[in-house]
Amino acid sequence: MQFRESVFIALDVIRNHKMRSFLTLLGVIIGVMSIIGMQSLIEGFQKNIRHQMEQLGASVFQVQKFPVQFGQQDREKYRNRKDLTWDHARVIEQYCTAVAQVGPEAWQWGIMAKYRDRRTGPANHLAGGVPAFFPNNGYFIEAGRALSDTDIQHNRQVAVIGQDILEKLFPYENPIGEHIIVDGRRYQVIGTLEKSGSAFGESQDNRIVIPLSTFLKFYGQNRSLNITVLAASPELMDTAIEQVIGVLRAVRKVPPGEPNDFEIFSSESLIETFDNMTRAVRIGAIVIVSFALLVAGIGIMNIMLVSIRERKREIGIRMAIGARRRDILFQFLVEAVFLSEIGGILGILAGVGIGQLVALVSPVPASIPVFTIVLGFVFCSLVGLVFGVYPAAKASGLDPIESLRYE
Amino acid sequence: MLIELQGIVKDYRLGLEIVHALNGIDIRIDQNEYVAIMGPSGSGKSTLMNLIGCLDTPTEGTYFLNGSNVSHMDDDQLAEIRNREIGFVFQNFNLLPRASALHNVELPLIYNGTPASQRRDLAEEALIKVGLKDRMGHRPNELSGGQRQRVAVARALVNKPSIILADEPTGNLDTRTGDEIMDLFEDLHDGGNTIILVTHEEYIAEHSDRIIRLRDGRVERDESN
């Protein structure tokens, strides 16, 4: 029937009770805002990670002693695993036919580098690698050269440095051939890495790569290595993974039927892990927001009941003039849904705003979660509808004679 | 015959007691009559007005309005009858406070699905008829009492109903403004409308052609004026 009339009335009521409407809608606004805001950050993260993973390449995977994510009580279980060694890497290289390059590597987190009177911050990382380190990690040489087999064989004190280090230590000079000091030891710079940006809100350019042999000599043999593996081609990825698992189980003497005592990650499995991690957060948030909207819906129901009592005369007049019960029902339903949707729209705007704001002031990226926005809007409308039914039914059931006399 | 009430009884339950508001009313009213219904309070005149106005249905008896039996209609059918056949004018105007005069007059048309373009024209026409050409955009609180009642009359007229049913239409107005409203009813009557006036003021009832006096839920006297 008179849809426009109903919208007109709804707008008029909201206009005439701005404060009351706003307070009623606060629940809806906050609920929708938090879910949209959170979702834009999670989706932004996901996009960013995908991007990083794709850079890494579809045919690289990594073997590690520890999984990416595990609880405190599991730590014991993983710690008792045998370390992964350089020998393991050599065996893989020798026996796995689907594998092109194998790069054992080790990391020292949080080091500082010096050149003359300049120094970097303390949040840089030192990697011990082999020539395969660079292609397997998606690093490209900008100037100079990468590590060579000879560097490895002779435990040379040479280093390839990332862009952050370069900017800090060599703002004016050509770094190639210069000597930097890390943990009191001198390394000759032989190359620089191309800029690779940031992931997880952390720079990827704060790296110094030295020969693995040198690294192990200075920082200790007694550690588990990460082994990066490049399959001969993307199609051979699965075969390569199977071969590596088979070889490692044999060498590490894992009895048949026992699970692997090492972990394998590919970009795909990492994305999956991240999705699993965020899924729990998302579901939790959706549950909490659902409750928030439920409470908000009760608020809307309450304000509609108050509004109907205030406008009893109006309802009587409309009935006397020819409004049928369903006309009155419809009018108040539209009003409740409309009210709720206005809250939803404000919440969506605020949520997107918060996402963008966080992205602006921090390295965390944000995206605009279209699906969640649509879902949030539909959900708001539903809340308005469900919690509008009772007040609207009550209004439409009023007696016209009594309502006309109501003061 | 426009209105035919036969043996109308209306009982109310008031707690445990049953109140007999109307005890067998027989009234016939013709097209273009000008009738006043009078009676002291408690005589049943409000109850009778609600029945004639199709806001309520009788406990017993039949009511034919414009040929159709409305005594057993359901709420929605009654709403449609009210919209089509009856134009109400109330003592306290009963306008929507936040809507303009024009929108108030448009209201009955909205509920019978008249297209928006026609609505405006019809409402303007009705407001011009009651002499409010310059006040169409005003809200009720920007109008005087007499002007408000004129808006109410325009609203009652806009659907071209069979009856204009006025309940103490001058009760909230000073004498001079009241007389103006009564002149307006006179004009409408001359224009062919049927008018039923519910009042307890003799001098208001004087304007009508026929006075029906109620007492204790019965017709005491029914005579032409």
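Protein chains get the first letters and strands the later ones, always in sequence-line order, with residue 1 at the start of each.
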When the 4.5 angstrom heavy-atom criterion is applied to R84(B) and chain A, the contacting part is neither
If the threshold is 4.0 Å, N to carboxylate O, is there a salt bridge linking R325(A) and D76(B)? no
Are more than 12 heavy atoms from other residues, nucleotides or ligands located less than 6.0 Å from atom NZ of K312(A)?
yes
Q.
Taking the side chain as everything from C-beta on, heavy atoms only, tell me whether N92(B) gets closer than 4.5 Å to R313(A).
A. yes
Nearest heavy-atom contact between I321(A) and N83(B) is O-ND2, 3.0 Å
Heavy atoms of A323(A) and A79(B) approach each other most closely as O-CB, 3.6 Å
* State, yes or no, whether a side-chain contact exists between D75(B) and M319(A) at a heavy-atom distance under 4.5 Å. => no
inquiry  = More than 12 heavy atoms of other residues, nucleotides or ligands under 6.0 Å from CZ of R215(B): yes or no?
reply    = no
Report task. Could you tell me whether the side chain of N94(B) and the main chain of I317(A) form a donor-acceptor pair under 3.5 Å? Result -> no
For R98(B), does the CZ atom have more than 12 heavy-atom neighbours from other residues, nucleotides or ligands under 6.0 Å away?
yes
Residue F291(A) excluded, over 12 heavy atoms near CZ under 6.0 Å: no
Rounding to 0.5 Å, atoms CG (D12(A)) and CG (L96(B)) come to a distance of 9.5 Å
Bottom line for R405(A): the part with an atom under 4.5 Å from chain B's heavy atoms is side chain
Test item: E314(A) and L95(B) side chains (from C-beta on) under 4.5 Å apart, heavy atoms:
no
- Does the side chain of Y111(B) come under 3.5 Å of the side chain of R324(A) through a donor N or O and an acceptor N or O? no
Notebook entry, point to check: Does a sphere of radius 6.0 Å around CZ in R309(A) hold more than 12 heavy atoms from other residues, nucleotides or ligands, not counting ones at 6.0 Å or beyond?
Noted result: no
- prompt: side chain to side chain contact (heavy atoms under 4.5 Å, CB included) between L55(B) and L404(A): does it pass, once the steps are laid out?
  reply: CA-CA 10 Å; L55(B) 287 164; L404(A) 273 172; 4.2 Å; yes
